[in-house]
Asker: 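Before I ask anything, let me first share the structure, which is written out below as C-alpha cells.
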Number of protein chains: 2
Amino acid sequence: MSVVTSAAGGTEDVVDLVRTAIHEGEFAPNQRLVEADLSVQFGASRAAVRTALVQLAAEGLVERVQNRGARVRAVSLGEAIEISEVRMVVEGLCAAKAAERATDEDLEALRQIGDDMRGAVERGDVFAYSDLNRRLHTAVRAAAGQQVAEGVLERLRGQNVRHQFRLALLPGRASVSLPQHLEIIEAVRARDAARAEAAMRAHLASVIETLPQVGTSRLP
Amino acid sequence: MSVVTSAAGGTEDVVDLVRTAIHEGEFAPNQRLVEADLSVQFGASRAAVRTALVQLAAEGLVERVQNRGARVRAVSLGEAIEISEVRMVVEGLCAAKAAERATDEDLEALRQIGDDMRGAVERGDVFAYSDLNRRLHTAVRAAAGQQVAEGVLERLRGQNVRHQFRLALLPGRASVSLPQHLEIIEAVRARDAARAEAAMRAHLASVIETLPQVGTSRLP
DNA sequence: TGATCCAAGATTGTGAACAATACTTGCGCC
DNA sequence: GGCGCAAGTATTGTTCACAATCTTGGATCA
C-alpha cells in the first residue's frame, strides 16, 4: 500500500483524494481517518484535511463525532436497500422526464447502448456489461435534464458504490437485467413517460431483490 | 435587526444558527456571508464559522466560490419545481411504505391530523392549516421508517422552505389541498400502498402546478 | 482477582497571526 | 470625458501553536 499518494496543497484536491480512496477501497469501512495521518499522506495541511472531512461527512461518506475524529461510514445491507429504494423512485422520475425531453441524439445514444449491451451479454463480457449499465443510467439521467434529481442520485451513488459494483459480478445477473434494460431504452425511445418510469422502477426493484445475495462482506 | 444573536462557542451551534437565520429570512438570498462578520455576530471563532459554511455549502444552503467567499444560495423557480418533483416521488415512496408499516398509533395520529385539518379549514385558520400540513408530511415520513428517504427530504426541504411557506398563504389553496390530504390519510389508513403513493403524488403534482403563482419574489 | 482511579499519550478543537487573492478607488493618460 | 492602470483595502486561505477532550495503560485497593 502506498503511503504518500501525491502532493495536494488545496483543500478541494484533498476532498477528491479521500473520496476516491474510499471508493477504491483503499480506506476500508469503519477505518479511522486521523487528520494528522492524512495530512502527511496527502501532503496537505491539517486544516485542509479537516475541511475535506467536514465536507465528506456532509456527503455521507464519512462519520464524524465530536472530539473523537472521523471514520469511513459503513453502509449496512438494510441501508443499501433503502438507498436503492430511493434511487428506484428518483431514477423512475428521470426515466419519465427523459421520455418527454430527450433529444434525437439522446435517443440514438440510448439505442447504441442497447445494442452494445446485447453484444456484451452474447460475448459473456461482464466487465463491459457493467460499464454499459453505468452508462445507460447516466445517459437517462442526462437526457432527463433534472439537475436536482441528478444531484440526489450522485450523492446516493457515492454511498453504495461498493454494493453496486459487486452486483454486476453475480453469475447470471446479466440475463436477468438485460431485458429490463432494453425495455427501459425502448420505452424512452417511444417517448412513453409512464412506461419508461414503470420499466425503470421494475428494473431497480429487481436490483433490490438481488441485493441480499451480495451481502455486506468485504471485497476479495 | 439584532446584531448579536447569541454567544455560541461550538461549531455545531454556528451551523444551526446560520441555518435558522437563513430559514427565518434574516439572511436574504444572495446575501454575502462574510466570515469575520458572522464570527462577531455569533460570538464564535472564525474557524468555527468557516467550518459551518463548508457544511452548509454541502447541504446546499450556501454557495462557496474559491477566494470569493460564501453567499446564501438563491433557488430559482425552476429549481423549486425540480425540488418538488423529486419530493413528489420520494414522498410517494414514503406514503407507500407508511401504508405497509404504520403502527396503529401512527394511523390514529393521522386520523387526528385529518380531523384537525377539517376544523382548521372550517375556521379559515390558514396558519393552523399550514402547521397541520407540515405535521402530516412529517407523520407520514415517520411512519414510513425510511431513514434515507427522510434524510433526502430533510435536505430538500431545507432548500425551499421559502417557497413552501408562501404556498400555504395563497387564498383558496386550502380548499384545493384539503381533499388531497384527506385522501392520503385515508389511503394510508386503509393500508393500500399503491393508493397512498398515488394520492401523495397527486397532491404534490398539484403543489407543483401552483408553484408558479408564488413566484420568486421576496417575502413581505 | 477484579474493579476503580489516575496519569500519560494521542487526537481533535480553537485561536491568532500571516500569506494570497479578489475587489475598489483614485489617478494619470489619451 | 472615458479608459487603463496601480496602489490600497477587504476578504479568504493557510500555518502554527496551544488548549480541551478522549483513550489507554498501569497502579492501587477492597
Side-chain angles (χ1 to χ4, degrees), chain A residues 1 3-22 26-74, chain B residues 1 3-22 26-74:
Chain A
M1 183 199 301
V3 177
V4 174
T5 304
S6 77
T11 147
E12 289 305 315
D13 305 327
V14 180
V15 177
D16 290 338
L17 286 173
V18 176
R19 201 201 326 257
T20 58
I22 292 177
E26 190 175 345
F27 292 154
N30 283 329
Q31 178 176 336
R32 285 194 60 190
L33 299 175
V34 179
E35 295 178 1
D37 295 355
L38 295 184
S39 88
V40 304
Q41 180 173 352
F42 294 134
S45 72
R46 196 165 79 87
V49 171
R50 187 183 183 73
T51 302
L53 290 178
V54 170
Q55 188 170 331
L56 291 172
E59 285 181 24
L61 256 77
V62 312
E63 234 172 1
R64 266 169 50 92
V65 282
Q66 185 80 248
N67 291 325
R68 241 187 273 191
R71 57 182 59 226
V72 179
R73 202 169 75 85
Chain B
M1 185 199 299
V3 177
V4 175
T5 304
S6 77
T11 148
E12 288 305 315
D13 305 328
V14 180
V15 176
D16 290 339
L17 285 173
V18 176
R19 201 203 321 261
T20 58
I22 293 177
E26 190 174 347
F27 292 155
N30 283 330
Q31 176 176 336
R32 287 193 58 189
L33 299 175
V34 178
E35 295 179 358
D37 295 356
L38 295 183
S39 89
V40 303
Q41 180 173 354
F42 294 134
S45 73
R46 197 164 79 89
V49 171
R50 187 181 182 73
T51 303
L53 289 179
V54 170
Q55 188 169 331
L56 291 172
E59 286 181 22
L61 256 78
V62 312
E63 234 172 359
R64 266 168 50 92
V65 282
Q66 186 82 246
N67 291 325
R68 245 188 269 190
R71 56 182 59 226
V72 179
R73 202 169 75 86

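Letters A, B, ... are given to chains in the order of the sequence lines, protein chains preceding strands, and every chain is numbered from 1. All heavy atoms count here, side chains included; hydrogens, waters and symmetry mates do not. All values reported here derive from a predicted model rather than from experimental measurement.
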Asker: How close or far is atom P of C/dT12 from atom CZ of A/Arg71, stated in whole angstroms?
Answerer: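 My rounded result for the distance is 11 Å.
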
Asker: Just to verify, what does B/Ala47 make a side chain to side chain contact (heavy atoms under 4.5 Å, CB included) with, not counting sequence neighbours?
Answerer: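 For B/Ala47 the side chain to side chain contact (heavy atoms under 4.5 Å, CB included) partners, ignoring immediate neighbours, are B/Ser45.
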
Asker: Tell me, which pairs form a salt bridge (charged side-chain N to carboxylate O under 4.0 Å, His left out) where one or both residues lie in residues 29-56 of chain A, sequence neighbours left out?
Answerer: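 The answer is A/Glu35-A/Arg46, A/Glu35-A/Arg50.
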
Asker: For A/Arg71, what residues pass the side-chain hydrogen bond (donor to acceptor under 3.5 Å, both in side chains) criterion, not counting sequence neighbours?
Answerer: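 Counting only residues at least two positions away or on another chain, A/Arg71 forms no side-chain hydrogen bond (donor to acceptor under 3.5 Å, both in side chains).
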
Asker: Rounded to whole Å, please give me the gap between CZ in A/Arg50 and C1' in C/dT11.
Answerer: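 It is 10 Å, rounded to the nearest whole Å.
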
Asker: With a non-hydrogen cut-off below 4.0 angstrom, is B/Leu53 in contact with a base, only sugar-phosphate, or nothing?
Answerer: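 Result for B/Leu53 = nothing.
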
Asker: Could you name each residue pair satisfying side-chain hydrogen bond (donor to acceptor under 3.5 Å, both in side chains) that touches residues 52-68 of chain A, not counting sequence neighbours?
Answerer: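 Only A/Arg19-A/Glu59 qualify under side-chain hydrogen bond (donor to acceptor under 3.5 Å, both in side chains).
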
Asker: Would you tell me if any nitrogen or oxygen in the side chain of A/Ser45 comes within less than 4.0 Å of OP1 or OP2 on D/dT15?
Answerer: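 Answer yes for this pair, as a side-chain N or O of A/Ser45 is under 4.0 Å from OP1 or OP2.
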
Asker: Which whole-number value in Å describes the distance from B/Glu35 CD to C/dT14 P?
Answerer: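 Whole-Å distance recorded here is 15 Å.
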
Asker: If a protein heavy atom is under 4.0 Å from the base, mark B; if only from the sugar-phosphate, S; if neither, -; do that for nucleotides 16-22 of chain D going 5' to 3'.
Answerer: -----SS

Asker: Of all the heavy-atom pairs spanning B/Val72 and B/Leu33, show the shortest one and how long it is.
Answerer: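 Residues B/Val72 and B/Leu33, closest heavy atoms: CG2-CD1, 3.9 Å.
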
Asker: What is the separation between atom CD on B/Glu63 and atom P on D/dT12, rounded to the nearest whole Å?
Answerer: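 After rounding, the gap between these two atoms is 15 Å.
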
Asker: Could you state the CG-P distance from A/Leu33 to C/dT11, rounded to the nearest angstrom?
Answerer: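 The answer, rounded to whole Å, is 13 Å.
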
Asker: Which pair of heavy atoms, one from B/Ala44 and one from B/Val14, lies closest together, and at what distance?
Answerer: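 In terms of heavy atoms, the two residues are closest at CB-CG2, 3.6 Å.
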
Asker: Atom CZ of A/Arg64 to atom C1' of C/dT12: distance rounded to whole Å?
Answerer: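 One finds 9 Å between C1' of C/dT12 and CZ of A/Arg64, rounded.
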
